[in-house]
Amino acid sequence: MAEESNVQFSEREALLYHSEGRPGKIEIIASKPMATQRDLALAYSPGVAVPVRAIAEDPALAYDYTAKGNLVAVISNGTAILGLGNLGALASKPVMEGKAVLFKRFADVDSIDLELKTEDVDRFIDAVELMEPSFGGINLEDIKSPECFVIEQTLRERMNIPVFHDDQHGTAIIAAAGLINALHLTGRDIKNAKCVMLGAGAAAIACAELIKAMGLPHDNLLMLDLTGVIYQGRQESMNQWKSAHAVATDKRTLADALDGADVFFGLASANSLPAELLKTMAPNPIIFAMANPDPEISPPLAKAARPDAIIATGRSDYPNQVNNVLGFPFIFRGALDVRATTINDAMKIAAARALAELARQQVPEEVALAYGVQHSFGPDYIIPAPFDPRLMEIVPAAVAQAAMDSGVATKPIEDFAAYRQSLRARLNPTTSVLTLAYEGARANPKRVIFAEAEEEVVLRAAIAFKEGGYGTPVLVGRESVHDRLRALGANPDEFELHNSVNSPLVPEMVEFLYTRLQRRGYLRRDAERMVNRDRNIFGGLLLQLGKADAMITGVTRTWAESMRQVKRVIDPQPARTPFGMHVLVGQSHTVFIADTTVNERPNAEELADIAEGAAQVARRMGHEPRVAFLSYSNFGNPEGQWLDNVRGAIKVLDGRTVEFEYEGEMSPDVALNPRQMANYPFCRLSGPANVLIMPGLQSANISAKLLRELGGDSTIGPMLIGMEKPVQIAPMTASASELVTLAVLAAGGIAR
């Protein structure tokens with residue numbers, strides 16, 4: 001349960017991630033122009049007085065004139081932080097910031113974290129209630145039980161905006177979605193199912209309430225805590241929330257409860273479900289062992305005891321992960337979009353059913369490739385993958401419809417087709433593809449050469465690559481690398497190091513390189529010198545000899561020098577023009593710029609090749625390419641001497657009958673701005689271009705670096721495309737995280 005991952009990393013890397021650059025994970029960015037005095041006058045005094053008066057007359061206008069309608073507060077007092085316990089409000093801040101990031105990343109919901117320094121329930125409630133004018137919704141997080149029940153219920157009664165305790169309901173909704181499909185696969189009706197709930201905390205109570213609201217009879221659920229079965233008349237360790245689920249039964253132990261049961265829901269602790277007890281359950285048992293980080297029983301152990309079982313856990317390294325990130329971002333998205341006054345059972349059930357239905361649909365190719373084993377609905381795929389791009393469209397729409405049907409929507413949606421389209425436009429498919437690339441690397445780990453292993457940033461990247469489960473780093477460097485690994489807290493014995501001083505591969509490498517270069521003016525001693533002294537040559541030869549699957553380099557030399565060395569060892573792909581590409585990634589858009597690193601003045605054929613290669617990468621990253629060949633001229637106005645290559649590239653593509661849109665020559669504003677493009681009704685692009693083919697290296701490299709330094713988008717690359725072997729040359733300023741991303745993209749075949 002929850003949105004935990006089983007990716008591994010060092011404490012140092014985690015601290016660096018949170019501290020490098022701007023400390024923390026969030027910042028506030030103005031959404032309106034702030035450049036001129038007039039802008040400031042409109043933003044603040046005197047212009048701001050106009051919406052102030054309007055809102056005073058009609059409070060609903062706050063949703064039109066402020067950010068309230070897309071703003072959620074993530075609030076905690078730190079009394080139950082992850083699995084760490086009561087560490088206080090301040091210690092919960094990294095978690096709450098992380099939650100805010102997930103809201104933005106998955107559903108384009110703006111979020112601010114608020115940590116309240118109190119364990120007094122009444123003071124907490126009063127503080128949150130007083131903030132209602134500021135926010136469109138409240139997400140409560142990491143608050144211990146049973147106080148969380150009182151806090152949420154009271155706030156829901158007092159506030160006229162959605163209040164949602166994700167630790168309770170997020171887990172319940174995702175688990176309910178899985179249960180719907182597990183019951184379907186095993187031919188059961190929820191009205192006849194017998195369920196055992198091990199655990200009686202916040203998540204367990206919420207799961208019990210939700211599946212009962214979906215039709216499970218009250219007497220068909222046996223809940224257990226540390227004392228045993230919660231039965232009518234029990235006095236020990238009881239409270240009003242447990243009492244609500246007490247049943248008339250003579251069963252007292254977990255063994256008693258599981259005898260003949262159809263469903264097991266575990267929300268307790270690691271290894272609390274003995275395997276032998278599973279043998280007493282009904283045929284085709286449904287086992288949801290959701291304790292994190294270690295479940296009540298491991299799936300292999302459960303499967304050994306009951307091969308006929310359907311199993312789900314809270315872990316990402318087993319099938320059927322109960323992951324809260326499938327729920328809360330999209331539930332709030334739908335609730336905010338109809339200005340719901342609450343999140344009720346109807347909306348929760350709608351979310352669960354939408355998730356269940358999504359899992360039954362054909363899995364998108366990019367998700368199937370990333371997750372590898374299960375490509376369709378079945379016992380190992382009853383819950384959608386957390387990074388399925390369809391979640392953003394399907395779940396909010398279902399929640400919004402349920403809010404309207406149940407009467408809690410104050411701004412009903414009139415055109416659901418248009419609403420679904422707006423949901424799709426909110427998020428950038430690149431972010432999902434990148435995440436899936438990481439998942440794919442973990443599912444199919446590769447060997448990647450890190451050619452400059454004596455650099456700390458490279459070693460940190462190699463450590464992160466290994467501990468993340470993305471593959472095996474193959475280090476190139478001197479023996480001193482072992483000392484550097486120890487200094488970074490890693491065990492040198494766990495890393496593969498290649499050193500030309502003692503490598504048995506050197507003779508074979510020299511022979512390979514000399515054979516390759518002897519007719520280019522190189523002597524054997526030149527080949528020997530390069531193999532023994534140059535890490536890029538040595539690393540490239542490891543790749544050529546099949547000792548690894550991909551290579552990453554670049555931080556110790558200029559990009560151009562690294563490329564010259566790589567080309568001495570590795571050729572372009574046949575009939576391909578190699579090129580470099582920067583990828584600019586925003587919240588809702590991605591722009592691919594090529595060629596930014598390799599070809600100084602490409603001819604028409606080369607420009608056409610670059611366009612085809614860039615379009616292929618764009619498709620692999622989730623985009624339908626719309627290619628614009630850029631120039632200072634728009635279709636011959638003004639005329640100039642540098643237009644023939646661009647015009648020629650259009651003719652070349654016309655002759656190749658490629659399957660993507662392309663147009664040119666055109667200026668950047670025409671390519672990217674629909675209003676400017678409208679001046680040219682003959683333009684063949686159906687919308688703003690997302691692949692920009694530059695006329696030459698000078699303009700391309702300058703543009704990419706300007707945008708990287710001055711723009712607000714994240715930048716990937718430059719990526720090297722079109723080489724015979726997967727090799728990536730990072731910029732000299734690359735961070736460890738950027739190196740890992742390039743390594744994953746290279747190994748996974750996206751950057752080829």
Side-chain angles (χ1 to χ4, degrees), residues 1 168-169 171-232 234 241-269 272-275 277-291 295-297 299 302 305-306 308-314 320 322 345 348-349 352-353 355-356 379 382-383:
M1 64 183 178
Q168 296 181 56
H169 308 298
T171 301
I173 290 165
I174 314 309
L179 179 62
I180 290 170
N181 281 336
L183 291 172
H184 173 80
L185 287 170
T186 57
R188 292 181 169 99
D189 187 327
I190 194 170
K191 295 178 181 178
N192 301 319
K194 295 181 179 180
C195 180
V196 173
M197 185 82 64
L198 182 58
I205 296 290
C207 284
E209 290 176 347
L210 186 61
I211 61 177
K212 286 181 180 180
M214 291 168 54
L216 184 78
H218 173 80
D219 290 339
N220 284 20
L221 185 143
L222 294 179
M223 181 176 287
L224 297 92
D225 60 9
L226 292 174
T227 303
V229 173
I230 296 171
Y231 58 90
Q232 289 182 3
R234 198 184 99 173
W241 298 280
K242 293 181 185 179
S243 296
H245 299 285
V247 296
T249 179
D250 58 1
K251 296 185 177 184
R252 296 293 183 263
T253 67
L254 180 60
D256 295 338
L258 282 174
D259 188 11
D262 301 296
V263 180
F264 170 83
F265 264 31
L267 294 141
S269 58
S272 53
L273 176 60
L277 296 188
L278 299 183
K279 298 176 181 179
T280 68
M281 293 183 70
N284 305 118
I286 298 166
I287 302 167
F288 280 33
M290 296 177 281
E296 288 79 2
I297 185 170
R306 290 301 300 262
D308 58 339
I310 294 177
I311 303 168
T313 71
N320 300 326
V322 179
D345 281 349
K348 298 172 196 173
I349 293 171
R353 288 176 175 163
L355 289 168
I382 59 173
I383 300 171

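All residue numbers in this chain count up from 1 along the given sequence. Heavy-atom basis, side chains included; hydrogens, waters and symmetry copies ignored.
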Engineer: Atom CG in N284, atom CG in L183: separation rounded to 0.5 Å?
Structural biologist: 11.5 Å
Engineer: Would the distance check show the side chain of D256 and the main-chain N or O of D250 forming a donor-acceptor pair, the cut-off being under 3.5 Å?
Structural biologist: no
Engineer: For M281 and V196: C-alpha separation, side-chain torsions, deciding distance, then whether side chain to side chain contact (heavy atoms under 4.5 Å, CB included) applies.
Structural biologist: CA-CA 10 Å; M281 293 183 70; V196 173; over 6 Å; no
Engineer: Test side chain to side chain contact (heavy atoms under 4.5 Å, CB included) on L222 and L258; report intermediate values, then the result.
Structural biologist: CA-CA 9 Å; L222 294 179; L258 282 174; over 6 Å; no
Engineer: Looking at N181 and A356, what are the two nearest heavy atoms and their distance?
Structural biologist: ND2-O, 3.0 Å
Engineer: Looking at every non-hydrogen atom in both residues, tell me the closest pair between V322 and A175 and how far apart they are.
Structural biologist: CG1-N, 3.9 Å
Engineer: Look at atom NZ of K194 and say whether more than 12 heavy atoms of other residues, nucleotides or ligands are closer to it than 6.0 Å.
Structural biologist: no
Engineer: For the side chain of D225 and the backbone of A200, is there at least one donor-acceptor N/O pair under 3.5 Å apart?
Structural biologist: no
Engineer: Please lay out, stage by stage, how F265 and L179 fare under the test side chain to side chain contact (heavy atoms under 4.5 Å, CB included).
Structural biologist: CA-CA 10 Å; F265 264 31; L179 179 62; 4.2 Å; yes
Engineer: What distance separates I286 CD1 from D308 CG, expressed to the nearest 0.5 Å?
Structural biologist: 11.0 Å
Engineer: CG of D345 to NZ of K212: how many Å apart, nearest 0.5 Å?
Structural biologist: 12.5 Å
Engineer: Starting at CD1 of I230, measure out to CD of Q232 and round the result to the nearest 0.5 Å.
Structural biologist: 12.0 Å
Engineer: Looking only at heavy atoms, which two atoms of L221 and M197 are closest? And how far apart?
Structural biologist: CD1-CE, 3.8 Å
Engineer: About how many Å separate CD1 of I190 and CD1 of I211, when rounded to the nearest 0.5 Å?
Structural biologist: 6.0 Å
Engineer: Please check this pair: side chain of R234 against backbone of G228, looking for a donor-acceptor N/O pair closer than 3.5 Å.
Structural biologist: yes
Engineer: If I compare all heavy atoms of L254 with all of S272, which pair ends up nearest, and what's the gap?
Structural biologist: CD2-O, 3.8 Å
Engineer: With rounding to the nearest 0.5 angstrom, report the CZ to CD1 distance, R306 to I287.
Structural biologist: 7.5 Å
Engineer: Looking only at heavy atoms, which two atoms of N220 and K191 are closest? And how far apart?
Structural biologist: ND2-O, 3.7 Å
Engineer: So which heavy atom on H218 is nearest to which on H245, and how close?
Structural biologist: CE1-CA, 3.8 Å
Engineer: Taking C-beta and beyond as the side chain, do R252 and Y231 meet within less than 4.5 Å on heavy atoms?
Structural biologist: yes
Engineer: Flag the pair D262 / T186 as yes when at least one side-chain heavy-atom distance between them is below 4.5 Å, and no otherwise.
Structural biologist: no
Engineer: Do F264 and L198 pass the side chain to side chain contact (heavy atoms under 4.5 Å, CB included) test, and can you show the C-alpha distance, the side-chain angles, and the key distance before you say yes or no?
Structural biologist: CA-CA 8 Å; F264 170 83; L198 182 58; 3.7 Å; yes
Engineer: Closer than 3.5 angstrom, by distance alone: can the side chain of E296 be matched with the main-chain N or O of A291 as a donor-acceptor pair?
Structural biologist: yes
